[in-house]
Amino acid sequence: MTDARPSLSEDIGRRERNYLIKMGIRLICLVLAFTVPAPLPVKILLFAGAIFLPYVAVIGANAPQKQPPADPGMTGTGQNEIPRHRREIGS
C-alpha cells in the first residue's frame, strides 16, 4: 500500500459518483413526494430530502479526501528531510 494520493482523475471520478448518487436519491424523494399518496409526515420527510440533499451533495463533492492514518511502523521523518548526521557541502 502506498501513501500517495489518488490521481486527479480518480479523485474527480469518485466525487462525481458520490454527487450523482446523492442527486439521484434527491430525484427519487421528489418524485415520491408528488406521486405517492402518503401521510403528511412522510411527504414532509420526502420534501426535506429533496430540499437538503443538494447542499449535502455539494459539500460532499467539494470535501477534500481524507488521508489514510499513518502506518505505526513508519518513522516521523519525511522523504525530503536530510539526516542530521549528514553534513551539507559548505557547512
Side-chain angles (χ1 to χ4, degrees):
M1 184 169 179
T2 180
D3 290 338
R5 290 182 172 203
S7 69
L8 182 59
S9 61
E10 288 175 2
D11 187 41
I12 289 173
R14 178 190 58 82
R15 291 178 187 210
E16 285 177 345
R17 276 189 304 279
N18 288 340
Y19 179 80
L20 290 173
I21 289 169
K22 290 174 186 169
M23 293 308 286
I25 294 170
R26 176 193 184 226
L27 181 62
I28 291 169
C29 285
L30 195 59
V31 169
L32 289 177
F34 282 113
T35 60
V36 173
L40 185 61
V42 174
K43 286 193 178 263
I44 290 173
L45 184 64
L46 291 171
F47 277 119
I51 291 169
F52 292 112
L53 270 173
Y55 173 77
V56 173
V58 169
I59 296 299
N62 290 329
Q65 182 173 357
K66 297 175 185 162
Q67 288 293 94
D71 185 14
M74 299 291 289
T75 62
T77 61
Q79 285 183 324
N80 295 332
E81 291 185 18
I82 299 172
R84 295 195 186 277
H85 66 275
R86 186 174 148 196
R87 298 198 63 180
E88 291 298 311
I89 297 174
S91 59

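We're numbering straight along the sequence, starting at 1.
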With ILVMFWY side chains joined below 4.5 Å, transitively, what does [X]'s cluster contain besides itself?
X: Ile44; value: Leu40
X: Ile28; value: Leu32, Val36, Val42, Leu46
X: Leu30; value: Phe34, Phe47

Query raised in the report: How would you list, by chain and number, every residue that makes a ring-ring contact (aromatic ring centres under 6.0 Å, His included) with Phe52, sequence neighbours excluded?
Result: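 Result, ring-ring contact (aromatic ring centres under 6.0 Å, His included) vs Phe52: none returned.
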
Query raised in the report: With sequence neighbours left out, which residue pairs that include part of residues 3-31 fulfil the ring pair (Phe, Tyr, Trp, His ring centres under 6.0 Å) condition?
Result: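 Checked against ring pair (Phe, Tyr, Trp, His ring centres under 6.0 Å) - neighbours excluded - no pair reaches residues 3-31.
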
Query raised in the report: Can you name the side chain to side chain donor-acceptor pair (under 3.5 Å) partners of Ser7, sequence neighbours left out?
Result: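 Once residues adjacent in sequence are excluded, the partners of Ser7 under the side chain to side chain donor-acceptor pair (under 3.5 Å) criterion are Ser9.
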
**Report entry** Contacts of Ile12 that satisfy side chain to side chain contact (heavy atoms under 4.5 Å, CB included) - sequence neighbours left out
**Finding:**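 Side chain to side chain contact (heavy atoms under 4.5 Å, CB included) check on Ile12 returns Leu8, Glu16.
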
Give every donor-acceptor pair under 3.5 Å between a side-chain atom in residues 53-60 and any protein atom, sequence neighbours left out.
none

**Report entry** Rounded distance [0.5 Å steps], SG in Cys29 versus CD1 in Ile51
**Finding:**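 Separation between the atoms: 10.5 Å.
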
